[in-house]
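Notes for the one structure printed next.
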Amino acid sequence: MTAEILLASLQISTPELILAIGALALLMIGVFSGDRSAPTVTGLAVAIMIAAGLWLVLVPVQGEAWGGAFILDPFSRFMKVIALVGSITAMVMTVGNARSEQLDRFEFPVLLLLATLGMMLLISANDLIALYLGLELMSLALYVVAAINRDSLRSTEAGLKYFVLGALSSGMLLYGMSLIYGFTGNTGLDNIAQVLTAETRSLGVVFGLVFILAGLAFKISAVPFHMWTPDVYEGAPTPVTAFFASGPKVAAMAVFVRVVTEAFMPVFADWQQVVVFISIASMLLGSFAAIGQKNIKRLMAYSSIGHMGYALVGLASGSQSGVSGVALYMLIYMVMTLGTFACIMAMRRKDGGAVENIEDLAGLSSTNPFMALVMTALMFSLAGIPPFAGFWAKWFVILPAIEAKLYALAIIGVVASVVGAYYYLRVIKVMWFDAATGEFGRISGELRLVFGLSGLFVTAYVLFGGPVGSAAEAAAKAFF
């Protein structure tokens with residue numbers, strides 16, 4: 001590798017270098033200063049992520065780096081900015097609740113920083129080996145933060161379940177990669193596509209593709225690899241659950257899109273069947289299984305499974321507008337989810353105890369009208385009711401499916417959305433029509449800011465949705 005190529009590679013991967021060097025520096029600060037440095041380390045971690053995000057937005061470099069294993073194109077840039085915004089927001093949300101959730105230790109922000117680095121590498125992975133390294137860096141940090149509250153049996157159990165099932169999914173992913181390498185002789189996504197174009201695809205390639213999609217489906221918690229989601233969402237500390245539901249989902253969906261559109265587009269008919277099945281199963285299970293939930297974090301877990309199914313509707317079309325719809329969907333989904341989790345974190349009694357049942361929101365409209373109003377907007381948006389942002393998210397993934405003549409998939413998506421509206425409307429009914437059973441304590445400024453901005457975003461999306469949609473379209477053009 002010449003000096004010029006090395007410098008170009010370093011410039012293209014500068015945001016990742018900022019995060020990696022920053023994480024190591026913060027680890028040293030924490031080790032030498034102890035837990036009393038936790039607020040300082042958290043603040044510096046947020047600053048490092050903002051610096052990486054600003055570099056992505058302001059420095060217009062793109063291309064391949066490190067021998068083609070790493071790529072920075074409009075799609076990866078768009079998804080990285082979304083993932084960084086999600087990570088920054090989730091970290092800011094922990095500030096007010098760190099002590100009560102026993103997250104006031106310097107390791108927590110460092111682990112979130114390393115998980116974010118893994119997301120960034122995953123989104124830019126242009127090679128199966130680079131993809132696996134990014135995925136494992138992200139996952140290993142997430143296994144630890146899921147179980148970071150060692151005094152909580154639920155948190156420890158959540159971390160163990162996530163670790164065991166995550167190890168299984170990693171094994172499936174690796175097995176699929178080894179089959180693809182064996183039958184194509186390549187690990188680079190571009191090279192795999194060239195081989196599949198030049199030759200008739202073999203049964204071994206199809207098996208490898210199915211195993212890879214199974215491993216990636218676990219990371220986005222799509223059916224039938226969703227088993228970990230409700231238990232981990234409920235058991236992990238709420239700030240950790242908010243992080244799980246934002247950046248990692250965006251990164252996993254981004255690499256899902258990149259793998260099927262860049263490496264396996266020559267066998268579109270094969271992977272389309274798998275994506276359609278996963279999409280339908282996720283939408284239906286997410287809609288029906290959430291109906292009986294009493295814990296709002298478990299409700300959000302099944303909601304997440306359903307929303308990943310809707311996002312895959314756009315991908316199943318295999319078109320540019322479909323990929324654009326997926327990118328837009330992940331942005332809107334992340335904003336809605338972070339806003340909802342900010343409201344859930346604000347569900348604390350005056351004695352400091354956290355509550356998680358839907359019934360605990362009873363009478364919120366009389367005790368905290370602003371929070372009830374925001375929560376109502378977020379629930380309407382998650383249900384896909386116009387004119388909220390969630391409606392447009394579903395519109396832009398179902399429309400490409402109709403254009404691709406996937407009528408059954410589009411109809412099932414609409415029906416599942418109607419069923420799902422029931423449990424979102426139930427939350428609204430509890431807030432506005434049930435008698436208040438108590439009053440929540442003071443809400444921290446950070447949480448108020450997050451759910452306030454999220455509510456504004458989903459309500460006023462029609463006013464600024466054009467530029468956001470244009471950015472998603474520009475991102476999708478990277479593959480077509």
Side-chain angles (χ1 to χ4, degrees), residues 79 82-83 86 90 115 118-119 122-123 135-136 138-139 141-143 145-146 157-173 211-236 238 240-257 259-260 274-275 277-290 293 295-316 326 329-330 332-334 336-338 340-341 382 393 397 413 416 420 423:
M79 299 305 274
I82 298 174
M119 290 178 223
L122 188 59
I123 292 169
L135 192 69
E136 287 306 295
M138 178 183 83
S139 298
L142 294 179
Y143 299 150
V145 294
E157 182 188 351
L160 186 61
K161 281 181 178 174
Y162 189 35
F163 172 68
V164 171
L165 292 170
L168 175 66
S169 79
S170 293
M172 295 171 74
L173 189 68
F211 275 106
I212 287 175
L213 293 184
L216 294 176
F218 175 90
K219 296 302 175 186
I220 61 171
S221 64
V223 176
F225 308 99
H226 65 285
M227 303 81 68
W228 62 275
T229 316
D231 293 334
V232 173
Y233 270 46
E234 183 183 10
T238 308
V240 173
T241 309
F243 183 76
F244 271 44
S246 54
K249 286 281 172 71
V250 172
M253 185 60 79
V255 79
F256 201 116
V257 171
V259 165
V260 297
V274 179
V275 171
F277 168 75
I278 291 174
S279 175
I280 291 172
S282 299
M283 288 188 294
L284 292 178
L285 183 125
S287 295
F288 285 98
Q293 299 303 319
N295 183 293
I296 195 163
K297 284 167 72 177
R298 285 186 80 86
L299 179 82
M300 289 304 295
Y302 284 109
S303 169
S304 169
I305 293 167
H307 280 288
M308 292 305 104
Y310 292 117
L312 290 173
V313 170
L315 182 59
V326 173
Y329 198 101
M330 293 312 295
I332 293 172
Y333 162 78
M334 190 190 73
M336 295 187 297
T337 304
L338 285 171
T340 305
F341 272 104
L382 284 164
V397 291
Y423 56 81

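No hydrogens, no waters, no symmetry mates; every other heavy atom, side chains included, goes into these values. Remember, predicted model here, so these are calculated numbers, not experimental data.
Checked by atom type and distance alone, the side chain of S279 pairs as donor or acceptor with a backbone atom of G309 at under 3.5 Å. Looking at S221, its side chain never comes within 3.5 Å of a backbone N or O of A217 through a donor-acceptor pair. Between the S246 side chain and the F243 main chain, a donor and an acceptor come within less than 3.5 Å of each other. For S287 (side chain) and A416 (main-chain N/O), a donor-acceptor pair under 3.5 Å exists by modelled atom type. Here the side chain of K297 pairs a donor or acceptor atom with the backbone of A236 at under 3.5 angstrom.
The shortest distance between side-chain heavy atoms of F288 and Y423 does not fall below 4.5 Å. Taking the side chain as every heavy atom from C-beta outward, F244 and Y162 approach each other to under 4.5 Å. Contact annotation: the side chain of S304 never approaches that of T337 to less than 4.5 Å [non-hydrogen atoms, C-beta and beyond]. Annotation: side chain of F218 is in contact with side chain of W228 (closest heavy-atom distance under 4.5 Å). Side chains of L173 and F211 form no contact here, defined as non-hydrogen atoms less than 4.5 Å apart. The closest side-chain heavy-atom distance from M300 to L382 is below 4.5 Å. In this structure the side chain of Y329 reaches within 4.5 angstrom of the side chain of H307, judged on heavy atoms. Annotation: side chain of L213 is in contact with side chain of V260 (closest heavy-atom distance under 4.5 Å).
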**Report entry** CA sep, side-chain torsions, deciding dist, call: K249, M334, side chain to side chain contact (heavy atoms under 4.5 Å, CB included)
**Finding:** CA-CA 8 Å; K249 286 281 172 71; M334 190 190 73; over 6 Å; no
Requested in this report: Go through the steps for M119 and V250 under the test side chain to side chain contact (heavy atoms under 4.5 Å, CB included), then give the verdict.
Outcome: CA-CA 8 Å; M119 290 178 223; V250 172; over 6 Å; no
Report task. Might you work through the salt bridge (charged side-chain N to carboxylate O under 4.0 Å, His left out) test for R298 and E234, ending with a clear yes or no? Result -> CA-CA 6 Å; R298 285 186 80 86; E234 183 183 10; 2.8 Å; yes
Report task. Take M283 and Y310, measure what side chain to side chain contact (heavy atoms under 4.5 Å, CB included) needs, and give me the verdict at the end. Result -> CA-CA 6 Å; M283 288 188 294; Y310 292 117; 3.3 Å; yes
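Considering every non-hydrogen atom in both A214 and M172, the closest pair reads CB-CE, 3.5 Å. V326 and A311 make their closest contact through CG2-O, 3.1 Å (heavy atoms, listed as atom of the first residue, atom of the second, distance). Considering all non-hydrogen atoms of both residues, V223 and I278 come closest at O-CG2, 3.5 Å. Closest approach of I123 to A254, counting heavy atoms only: CG1-CB, 4.0 Å.
Around the CZ atom of F163, the shell of radius 6.0 Å holds no more than 12 heavy atoms that belong to other residues, nucleotides or ligands.
T229 and Y302 form no side-chain donor-acceptor contact under 3.5 Å, judged by distance and modelled atom types alone. A donor-acceptor contact under 3.5 angstrom links the side chains of S139 and K219, judged on distance only.
Note that the CZ atom of F225 and the CG atom of L165 stand 11.5 Å from one another [nearest 0.5 Å]. Rounded to the nearest 0.5 Å, atoms CD1 (I220) and CG (L312) are 4.5 Å apart.
E157 is linked by a side-chain contact (heavy atoms from CB on, under 4.5 Å) to K161, counting only residues two or more places apart in sequence or in another chain.
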